[in-house]
Amino acid sequence: MLQISNKIIISDSEIEISAIRSQGAGGQNVNKVSTAIHLRFDIQNSSLPAFYKEQLLKLNDRRITLEGVVVIKSQEHRSQEKNREAAFERLKELVKNAVILPEKRKPTKPTRSSQRKRLDSKTKRGQIKSTRKQVID
């Protein structure tokens, strides 16, 4: 059971986990033991509220397939249990971050004094450049 918040819980039956062999260097342990974890979570067939599902499906994340399945691969640890925990944690963070809506930007205007300062610096710079011109007799 994966607890996202106080009210939102994902049951273990909705999460499909399979152990696979890790990639990369690691010697005999990598060759013999399946320590990497492949986690699959179907968003549409889950017990999540509709708002959570919509926000997850809107995300532009490479871990979410076109069919709406979250695929997480965890292989950074040497033990299967630690990789399982890491995969669950990543799924939890993905669901939590999906429902956080960004704050609306309030458009602001530059102050009169900042506008005046900008224009003054422009005229001053223009005067400096005009003194560099070649003098014609």
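Count residues from 1 along the sequence.
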Electrostatic pair Glu76-Arg90, nearest N-O below 4.0 angstrom:
yes

Carefully, step by step, assess Thr35 and Gln75 under the rule side chain to side chain donor-acceptor pair (under 3.5 Å).
CA-CA 7 Å; Thr35 56; Gln75 64 179 8; over 6 Å; no

Give me the atom names and distance for the closest heavy-atom approach of Leu91 to Val70.
CD1-CG1, 4.1 Å

Derivation and outcome, side chain to side chain contact (heavy atoms under 4.5 Å, CB included), residues Lys58 and Gln55:
CA-CA 5 Å; Lys58 280 183 192 175; Gln55 293 301 105; 3.4 Å; yes

How long is the straight-line distance from CE of Met1 back to CD1 of Ile15, given to the nearest 0.5 Å?
11.0 Å

Could you tell me whether the side chain of Phe88 reaches within less than 4.5 Å of the side chain of Ile37, counting heavy atoms only?
no

For Ile100 and Lys96 the tightest heavy-atom approach is CG1-O, 3.4 Å

Please report the interatomic distance OG(Ser79) to CD(Glu85), rounded to the nearest 0.5 Å.
7.5 Å

Show the nearest heavy-atom pair for residues Lys53 and Gln44, with the distance to one decimal.
NZ-O, 3.3 Å

Any idea which heavy atoms bring Asp42 and Gly68 closest together, and the distance?
OD1-O, 3.5 Å

List the steps and the verdict of side chain to side chain contact (heavy atoms under 4.5 Å, CB included) for Ile8 and Tyr52.
CA-CA 10 Å; Ile8 309 299; Tyr52 277 70; 3.6 Å; yes

Begin with the C-alpha distance, continue with both residues' side-chain angles, and end with the deciding distance and a verdict on side chain to side chain contact (heavy atoms under 4.5 Å, CB included) for Asn83 and Arg78.
CA-CA 8 Å; Asn83 281 329; Arg78 286 178 60 93; over 6 Å; no

hydrophobic_cluster_shared for Phe41 and Ile9, side chain cutoff 4.5 Å
no

Hphob cluster co-occupancy, Val99 + Leu56, side-chain heavy atoms under 4.5 angstrom:
yes

Give a yes or no on whether Leu101 and Leu57 share a hydrophobic cluster (residues Ile, Leu, Val, Met, Phe, Trp, Tyr; joining criterion: side-chain heavy atoms under 4.5 Å apart).
yes

Going only through I, L, V, M, F, W and Y residues with side-chain contacts under 4.5 Å, is there a path from Ile20 to Val33?
no

Assess, by modelled atom type and distance only, whether the side chains of Ser34 and Gln80 contain a donor and an acceptor separated by less than 3.5 Å.
no

Are Leu59 and Ile72 joined in one hydrophobic group, where the rule is that I, L, V, M, F, W and Y side chains link up if heavy atoms are under 4.5 Å apart?
yes

Rounded to the nearest 0.5 Å, how far does CG of Leu39 lie from CZ of Arg84?
9.5 Å

To the nearest 0.5 Å, how far apart are CG in Asp12 and CG in Leu2?
8.0 Å

Do Glu14 and Ser47 have side chains that get closer than 4.5 Å, going by heavy atoms?
yes

Out of curiosity, Ile4 CD1 to Glu93 CD, how far, rounded to the nearest 0.5 Å?
9.0 Å

First locate atom CD1 of Ile10, then atom CD of Gln3, and finally report the distance between them rounded to the nearest 0.5 Å.
10.5 Å

Which residue pairs pass the side-chain hydrogen bond (donor to acceptor under 3.5 Å, both in side chains) test with at least one member in residues 126-135, sequence neighbours excluded?
none

